[in-house]
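None of these values were measured; they are calculated from a predicted model. So that the names make sense, note that chain A is the first sequence line, chain B the second, and so on, each numbered from 1.
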Amino acid sequence: MGKLYDELLKDYRAKEGLKTCINCGTCTAICPAAEFYRYDPRKVMDIVQSRDEDEIEKLLKSDFIWYCGECMSCVTRCPRRNGPGLVIMALRNLSARLGYFTCSEKGRQLYPLTRILTGNILNYGYCVYPDTFKWEDHKESGPVWKWHLEHIEDTMARVGANFKGEGPGVLRKIPRESLDELKSIFDVTGGTERIETVEKFSRAKAGEMGMDMDDYFRETFEHASQGHLNSDGD
Amino acid sequence: MDFGFKISPSSAINLDNVDTVKFEQLHDMEPDVYKCMACGSCTSTCPANRFSGMSMRKVILALQRGKEKDVVSMMRNCMLCGKCTMVCPRGINTRHLILSICRIYREDGK
Amino acid sequence: MKENIVIIGGGIAGLEAAGQLLGLGYKPIIIEKSDRLGGHVADWNCLFPDMTPAKDVVGRLIAGATEANIFLNTEISFVNKLKDSYNIMLSNGISIITKIILVTTGFSVFDASKKEEYGYGVYDQVITNRDLEHWFNTGNDRRIDDCGMNAVGFVHCVGSRDEKAKNPQCSKVCCITAVKQAIELKQKFPETMVYCFYMDLRMFGKKYEDFYIGAQRDYGIRFIRGRVSEVSENIDGRVIVKAEDTLSGKPVKVTLDLLVLMAGMVCNPDSTKVANMISLPIDSDGFLKSRDNVADIIDSPKDGIFYAGACTGPKTVPETLAEARAAALKIHLYNKTMQ
Amino acid sequence: MIYQGKQKIWADYQKEIPDDHWFYVRSCIRQNFFPGAEKMFLEICRGLLKKDFYETEHHTTCGGIAYHCDTIPQETVMTIVARQFALMTEAGYENYVASCITSFGNYIEILETWKEFPELEAKIRELLWKACKREFNKPKYVAHASDLIYKYRNEIAARAKFRLVNRHTGEPLRAVEHIGCHYAKMFPSRSIGGAEYPYVLSGMIEAWGGNVIDYPERRHCCGYGFRQYHVKANRGYSISNTYKKFESMEPYHPDFILTNCPGCPYFMDRWQYVIAETEGKTYGENGYGIPVLTYEELASLVLGYDPWDIGLQLHQVAVEPLLDKLGIEYDPSAKYKGLNRKDIMRPELPGVLRCC
């Protein structure tokens with residue numbers, strides 16, 4: 001592997017997103033993550049454009065790059081046509097590839113995310129799916145969602161959905177052959193490899209932390225330490 | 001009901017709510033405090049900066065933003081060596097300024 | 001009978017050059033599109049760094065140029081290139097044959113409404129540097145409360161240093177203009193809190209840094225290093241400004257009674273029009289291209305055609321006047337070599 | 001506020017939207033949380049306006065959420081999207097309409113990236129062939145479904161049974177519009193109205209008789225943040241951002257919120273519930289919340305469809321106060337019934353947020 005900076009610049013999102021930064025702060029000013037986390041996208045851009053390998057490595061191993069919500073509000077405003085949000089995506093991609101993501105608490109969340117989302121895509125053809133969107137994990141979805149899930153055949157039928165049905169329509173069953181196509185897309189485009197990489201490094205990290213994978217899943221999915229939010233420790 | 005997370009206060013500095021009474025008091029004693037242009041000469045020469053994060057530039061900024069707690073904790077590390085005064089391009093007597101800051105912001109006995 | 005010399009544009013560059021040429025014994029012709037002389041400077045109130053009234057400067061320049069042939073309300077309809085001269089057809093039907101043209105078409109103020117996120121033309125309490133000068137001149141602007149205001153902000157680099165606004169250039173004079181206007185506002189409303197949002201403060205000119213120090217020390221104007229990202233309006237019609245306080249690395253917001261946008265200089269479309277008529281090149285910054293940007297800024301690449309002032313890029317008043325004088329001399333020497 | 005100033009900006013961002021013949025792709029989130037909205041989109045476009053909208057059961061997620069949660073590489077999401085384009089090509093369509101804003105942003109971003117880096121497009125074509133033996137043409141036109149309801153807004157107004165007017169006071173209803181971030185923030189020129197003052201939803205509200213509120217945090221993200229919601233440990237980010245918006249709009253007393261993104265209505269609806277239960281604070285009148293609607297739901301109400309046929313019972317915030325203002329009659333006892341009034345119980349009532 002070449003230098004981290006060069007690796008990063010192979011990513012099209014870094015090519016698009018990183019021109020020259022003048023540290024003006026328009027990105028941070030309206031960043032929803034900077035509003036609550038100890039986070040400053042301007043600094044991310046500045047570190048990357050410094051080409052300081054040590055600093056970039058630190059960044060890739062830190063919580064810092066995982067605070068962004070990818071709303072891309074920064075892209076609208078940058079006077080130099082940068083996309084800090086795109087650079088973040090490239091950094092995360094590299095951190096995932098190299099296994100650096102397990103070095104930080106927010107980075108380790110890549111494990112539950114990968115399991116939930118790629119699982120939904122490959123099993124159902126949807127990113128979000130009622131069978132895996134449990135009320136217990138999502139109490140904020142409210143009593144109405146609890147009720148909806150408990151009576152989903154009826155509630156879906158009531159509004160004219162085609163829940164798990166053949167043919168087109170709302171929440172239809174995606175045909176087997178289409179799911180197979182998704183799987184082969186994952187296989188040839190590096191999607192499957194990415195899942196395996198995340199799994200491998202997460203397994204190693206779980207071992208290091210003395211957890212089995214279920215505990216590791218719960219821990220990374222639910223636990224938030226002090227110090228991420230700006231208000232922590234004040 | 002506990003959902004496992006809660007609303008967090010914004011980290012944005014809201015200038016509408018900054019209490020500048022003490023800063024104005026300081027300004028009366030040290031008119032030059034307004035002259036800082038945040039060049040960082042003081043910080044780069046500060047022997048305490050290396051190990052404690054003391055930064056005169058940041059102190060003056062924090063005063064203007066009403067972040068007194070940050071100021072007090074940074075000031076604890078100052079050794080009053082006066083190097084910052086020697087390098088300030090705007091001729092601010094930072095050593096004198098530091099003593100005045102201590103007087104105003106530490107009156108409550110901290 | 002001396003050569004015709006055509007000066008395109010009756011702003012301060014055109015007036016000063018005309019005055020000098022008159023002194024050298026020529027009878028220059030000034031073609032001015034609008035109904036008055038003095039250009040943008042005539043709209044201004046006071047000039048940095050000594051707060052000289054703009055009308056005094058413009059008045060002197062006009063007085064010095066009265067002997068010139070001046071066509072107001074006149075545009076150039078078209079230009080024909082003859083063998084070694086130009087035939088200029090004016091909108092008033094007059095045609096002039098000349099071997100010497102001085103382009104002093106100046107600049108345009110960036111249309112601040114193009115920076116949509118700043119809300120000029122959408123939010124009532126957002127004005128421009130030009131609007132504020134107008135108020136200094138006339139005292140007439142319903143957006144400015146004469147009884148005083150709590151807080152006022154200035155935004156530097158509006159439409160300058162901005163690739164999205166298609167103007168990556170620094171407009172040079174806005175930093176000092178913002179400081180000047182902030183001080184003037186503070187003189188009128190000492191109780192008002194005044195903020196300047198800047199990326200860099202480019203205090204390059206004579207006594208500019210003194211101005212900046214004065215603004216800080218004597219007027220307590222607060223300088224916040226961060227480009228304004230977004231402006232919105234709250235329920236009582238005041239504006240909320242968001243930036244990053246980059247020196248502390250945190251988002252910052254403030255509610256203001258008035259926000260002044262420092263709209264920068266962009267190439268005057270009339271310059272481009274003239275350039276097209278006489279096949280003059282445009283430089284990569286969008287302004288007219290000089291023969292050489294170091295040694296021959298007032299020479300166009302074409303013989304007999306000269307520039308002075310902001311048609312080749314943002315300039316201060318003294319720089320413009322110096323170029324106008326240099327152009328007059330250059331024209332004089334050029335005319336001698338022709339004979 | 002100078003309305004003409006906004007009109008001037010809107011004039012700069014008008015896109016020519018084809019009138020008919022669309023290849024329709026659905027949204028993962030919306031099918032779960034607002035299943036009635038997508039049904040009503042096709043009902044209005046096909047049934048009422050007699051337009052041609054084609055849907056195939058073979059289309060899948062675009063992968064956008066997984067992509068923005070950083071769980072799949074860029075090549076993967078691009079190839080999934082290329083497959084969707086192949087389905088469109090095979091069905092003989094050129095106009096592509098997405099129900100989801102994340103998808104819409106994803107499609108536009110991918111097409112723009114391919115334009116900039118043609119070698120990447122070539123690579124994706126190869127990968128798609130390798131994986132699925134499919135080929136594709138790029139769509140001639142990509143729209144978001146809200147663009148179409150915007151386009152048809154006057155036709156809908158002409159058939160409307162209700163106007164967005166408070167029947168008790170005769171005043172226009174006050175509406176907050178919330179645009180999904182990926183609709184215009186990345187590529188303002190591909191939107192209606194631009195990134196700063198998007199007109200796509202405002203145009204509907206105006207055409208149907210309501211007043212649009214512009215409040216300070218209007219442009220702020222709803223707080224979804226992808227991984228910031230899907231991981232439980234991060235949800236403080238999500239609710240804090242939504243809370244900020246509600247605090248900002250509160251003084252304007254909006255009658256309802258209109259959204260065009262899949263996530264936003266879910267978050268703005270559900271976080272009101274959580275804010276009520278944890279902070280004791282509600283934003284509507286008399287302990288209710290502010291109803292949050294999708295553009296299809298609002299169009300359906302205006303057109304006179306039954307609120308329970310279009311799925312408004314699946315919102316946590318009660319919509320009844322809005323229905324009352326609009327003068328829409330509804331059967332409270334039918335709200336939580338299944339087909340043919342089958343009894344399927346009803347959701348529990350929250351402790352603080354008033355619901356029906």
Side-chain angles (χ1 to χ4, degrees), chain C residues 109-128 130-131 141-144 150-151 153 155 158-159 162-167 197 227-244 250-261 263, chain D residues 1-14 112 116 174-179 181 183-200 202 211-221 223 237 240-241 243-254 283:
Chain C
V109 178
F110 174 78
D111 174 6
S113 67
K114 285 191 184 148
K115 286 298 292 173
E116 295 165 21
E117 63 267 42
Y118 294 164
Y120 182 66
V122 174
Y123 301 133
D124 289 291
Q125 293 309 102
V126 181
I127 69 170
T128 64
R130 186 155 60 175
D131 298 336
D141 193 319
R142 59 174 177 78
R143 297 169 292 192
I144 300 172
N150 253 327
V155 185
V158 174
D162 188 338
E163 294 186 23
K164 289 228 174 93
K166 299 192 175 59
N167 184 30
F197 293 90
R227 187 187 181 93
V228 168
S229 190
E230 177 177 298
V231 178
S232 50
E233 189 177 275
N234 75 4
I235 198 158
D236 58 23
R238 289 185 297 159
V239 288
I240 298 173
V241 168
K242 288 187 191 172
E244 182 193 356
K250 293 233 182 312
V252 62
K253 64 174 180 180
V254 62
T255 311
L256 303 170
D257 301 284
L258 187 72
L259 185 69
V260 188
L261 305 180
Chain D
M1 194 86 58
I2 307 157
Y3 186 74
Q4 291 77 6
K6 285 190 183 178
Q7 283 178 313
K8 216 177 114 202
I9 292 169
W10 293 332
D12 291 341
Y13 296 96
Q14 287 300 322
E112 291 291 323
E116 191 117 331
R174 293 176 304 266
V176 153
E177 42 96 39
H178 178 81
I179 305 287
C181 290
Y183 175 69
K185 284 181 178 174
M186 292 186 283
F187 300 99
S189 66
R190 308 298 288 268
S191 71
I192 292 164
E196 305 298 343
Y197 312 93
Y199 190 57
V200 60
S202 297
N211 266 355
V212 181
I213 290 167
D214 191 350
Y215 63 107
E217 297 296 348
R218 173 175 55 78
R219 301 157 172 130
H220 199 74
C221 169
Y237 164 108
S240 300
N241 278 297
Y243 177 69
K244 175 175 145 156
K245 286 185 76 77
F246 277 102
E247 288 293 300
S248 175
M249 72 175 80
E250 186 185 18
Y252 298 82
H253 305 293
Y283 293 93

Worksheet item: Just wondering, are more than 12 heavy atoms of other shown residues or ligands nearer than 6.0 Å to NZ in Lys8(D)?
Response: no
Practice prompt. Examine whether an atom of Val231(C) lies under 4.5 Å from a heavy atom of chain D, and if so say whether it belongs to the side chain, the backbone or both; otherwise answer neither.
Written response: backbone
Practice prompt. Mind running side-chain contact (heavy atoms from CB on, under 4.5 Å) on Tyr123(C) and Asp214(D) for me, showing each step along the way?
Written response: CA-CA 11 Å; Tyr123(C) 301 133; Asp214(D) 191 350; 3.5 Å; yes
Worksheet item: Heavy-atom distance under 4.5 Å to chain D: side chain of Lys114(C), backbone, both or neither?
Response: neither
Worksheet item: Hey, are the side chains of Glu116(C) and Lys6(D) touching, using non-hydrogen atoms and a 4.5 Å cut-off?
Response: no
Worksheet item: Checking salt bridge (charged side-chain N to carboxylate O under 4.0 Å, His left out) for the pair Glu230(C)/Arg218(D): CA distance, chi angles, key distance, verdict?
Response: CA-CA 11 Å; Glu230(C) 177 177 298; Arg218(D) 173 175 55 78; over 6 Å; no
Item to complete: Taking the side chain as every heavy atom from C-beta outward, state whether Arg219(D) and Ser232(C) have any atom pair closer than 4.5 Å.
Response: yes
Practice prompt. Mark yes or no for whether Glu233(C), through its side chain, and Met1(D), through its backbone, hold a donor-acceptor pair below 3.5 Å.
Written response: yes
Worksheet item: Okay, side chain of Tyr252(D), backbone of Ile235(C): is any donor-acceptor separation there less than 3.5 Å?
Response: yes
Worksheet item: Which of residues 190-198 of chain D get closer than 4.5 angstrom to chain C, counting heavy atoms alone?
Response: Glu196(D), Tyr197(D)
Item to complete: Answer with side chain, backbone, both or neither: which region of Gln7(D) has an atom nearer than 4.5 Å to a non-hydrogen atom of chain C?
Response: neither
Response to the item:
Whatever's closer than 4.5 Å to a heavy atom in chain D on Lys115(C) counts as neither
